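Only one structure is covered here, and it is reproduced in the block below.
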Amino acid sequence: MKPQAAARPVSPVRERRLGAFVFLAPGLVYLVVLMLVPLALVLSNVFFQRGRFGGLVYEFTTENFTRLIDPLYLGVVGDSLKIAAVTTLIALLLGYPTAYLIAQLPPKWKTIALVAIVLPFWTNFIIRVYAWIILLNGQGLINSGLKVFGLDPLELLYTDGAVVTGLLYSYLPLMVLPLYAAIDKLDPQLREASANLGASPLTTFRKVTLPLTVPGVLTGSLFVFVPSFGNFVIPEMLGGGKSIMVGNLIRTEFLKARDWPFGSALATALVVVLVLLLIAQARAARRA
């Protein structure tokens with residue numbers, strides 16, 4: 001009898017690749033099934049026509065793309081960009097000082113402060129938005145307080161300001177956490193060296209702290225801008241339908257107008273804009 005050949009040992013590189021594949025496989029399957037396949041279906045719908053009573057007619061057309069440059073829809077996109085940009089800017093102005101102060105706390109209080117930041121996420125999203133309706137309506141707490149002091153009530157609900165407030169409240173933690181991570185890992189000796197060289201606290205912040213935390217600023221801004229740009233629940237509830245954003249328009253085209261091809265074109269345009277933002281953020285972070 002011939003002796004059996006010894007089994008070839010698995011190389012360390014191949015073993016690491018096999019282990020990585022085993023751990024990555026569930027996530028990859030999840031992405032393919034629940035993201036890439038629906039996205040491919042949406043992209044395929046763009047080239048078809050709307051049926052007489054909704055749905056799809058499988059006849060090739062490019063009309064859905066030409067409708068995107070209609071001034072009416074460009075205005076909605078412009079309003080969405082404006083509201084998302086204002087929300088992101090305010091979140092940055094509020095989130096950076098908050099993250100900076102948390103980073104200076106003792107370790108025990110850092111944990112407590114971070115839990116307080118993410119605490120709103122433990123409550124249902126719709127309930128939190130309804131809470132703002134109670135605060136901002138004509139008979140809400142704010143206007144009731146104004147009446148106590150003899151002041152006229154303000155029109156706070158169903159305005160762009162209410163939409164920005166709701167978006168800011170919902171997504172501010174997404175700005176604070178990346179900023180905190182970027183600030184907390186800074187070497188404190190850099191700030192000490194800057195102070196020893198005669199720089200004022202403002203100069204140290206402008207020339208040392210801020211440049212080194214630019215990746216955190218970019219990441220937090222992206223985390224706030226992207227969901228704000230595509231949100232449709234908050235504009236519907238706090239804007240009362242007056243503040244129409246891209247998310248509201250896409251939902252209307254799919255569920256009310258039943259114009260699936262044009263709704264798909266809007267969704268595709270939104271995805272393209274977000275991908276371009278991701279590429280811009282990655283390049284800016286590398287340069288920083």
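Being a predicted model, the structure only gives us computed values, none of them experimental.
In this structure, R191 is not positioned above the aromatic face of F205 in the sense of NZ or CZ being under 6.0 Å from the six-membered ring centre and within 45° of the axis.
Crowding of Q104 atom CD: a count of heavy atoms from other residues, nucleotides or ligands under 6.0 Å exceeding 12. Heavy atoms from other residues, nucleotides or ligands lying under 6.0 Å from OH of Y30 number 12 at most. Atom NZ of K207 is surrounded by 12 or fewer heavy atoms from other residues, nucleotides or ligands within 6.0 Å. Within 6.0 Å of CD1 on I69 lie no more than 12 heavy atoms contributed by other residues, nucleotides or ligands.
Nearest heavy atoms, V76 versus V246: CG1-N, 3.9 Å. Of all non-hydrogen atoms in V37 and V33, the two that sit nearest each other are CB-O, 3.7 Å. Of all heavy-atom pairs between P97 and L93, the closest is CD-O, 3.0 Å.
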>> Would R251 and E236 count as a salt bridge (Lys or Arg N to Asp or Glu O under 4.0 Å) here? Give the steps.
In response: CA-CA 11 Å; R251 189 204 60 173; E236 185 72 23; 3.3 Å; yes

>> Assess the residue pair D79 and I244 against the criterion (side chain to side chain contact (heavy atoms under 4.5 Å, CB included)); give the C-alpha distance rounded to whole Å, side-chain angles, the decisive distance to 0.1 Å, and a yes or no.
In response: CA-CA 8 Å; D79 291 341; I244 300 178; over 6 Å; no

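A continuous path of hydrophobic side-chain contacts links I142 to M237 [ILVMFWY only; heavy atoms under 4.5 Å]. Following chains of ILVMFWY side-chain contacts shorter than 4.5 Å, one can reach L270 starting from F225, so the two form part of one hydrophobic cluster.
Side chain to side chain, Y100 and T209 fail the donor-acceptor criterion of an N or O pair below 3.5 Å. Using a 3.5 Å distance cut-off with no hydrogens or angles, the side chains of Q139 and S144 do not pair a donor with an acceptor.
Remark: aromatic rings of F125 and Y130 are distant, center separation not under 6.0 Å. Taking the six-membered ring wherever Trp is involved, the centroid distance between the rings of Y58 and F47 does not fall below 6.0 Å.
A donor-acceptor pair is defined here as one N or O able to donate and one able to accept, closer than 3.5 Å; such a pair exists between the side chain of R50 and the backbone of A257. Not one N or O on the side chain of S170 forms a donor-acceptor pair closer than 3.5 Å with the backbone of L167. A donor-acceptor pair is defined here as one N or O able to donate and one able to accept, closer than 3.5 Å; such a pair exists between the side chain of N248 and the backbone of M245. No donor-acceptor pair under 3.5 Å is formed between the side chain of D184 and the backbone N or O of Y180. Looking only at distances, a side-chain donor or acceptor of N143 sits under 3.5 Å from a matching main-chain atom of L154. Panel note: side chain W260, backbone F254; a donor-acceptor pair is recorded below 3.5 Å. Judged by distance alone, with hydrogens and angles left aside, the side-chain atoms of T219 form no donor-acceptor pair with the main-chain N or O of G216 at under 3.5 Å.
In this structure, I279 belongs to a hydrophobic cluster whose other members, linked by side-chain heavy atoms under 4.5 Å apart, are L39, L43, V271, V275. Clustering of Ile, Leu, Val, Met, Phe, Trp and Tyr side chains at separations under 4.5 Å places L186 together with L190, V208, L212. The hydrophobic cluster containing L105, built from Ile/Leu/Val/Met/Phe/Trp/Tyr side-chain heavy atoms closer than 4.5 Å, also comprises W109, I112.
Taking the side-chain hydrogen bond (donor to acceptor under 3.5 Å, both in side chains) definition, one finds that S200 meets it with T203, sequence neighbours left out. Every residue meeting the side-chain hydrogen bond (donor to acceptor under 3.5 Å, both in side chains) condition with Y171, not counting sequence neighbours, appears here in chain and number order: N231. Residues satisfying the side-chain hydrogen bond (donor to acceptor under 3.5 Å, both in side chains) test with N64, not counting sequence neighbours, are none.
For the side chain to side chain contact (heavy atoms under 4.5 Å, CB included) with P261, the lone residue among L56, V57, V46, L266 that qualifies is L56.
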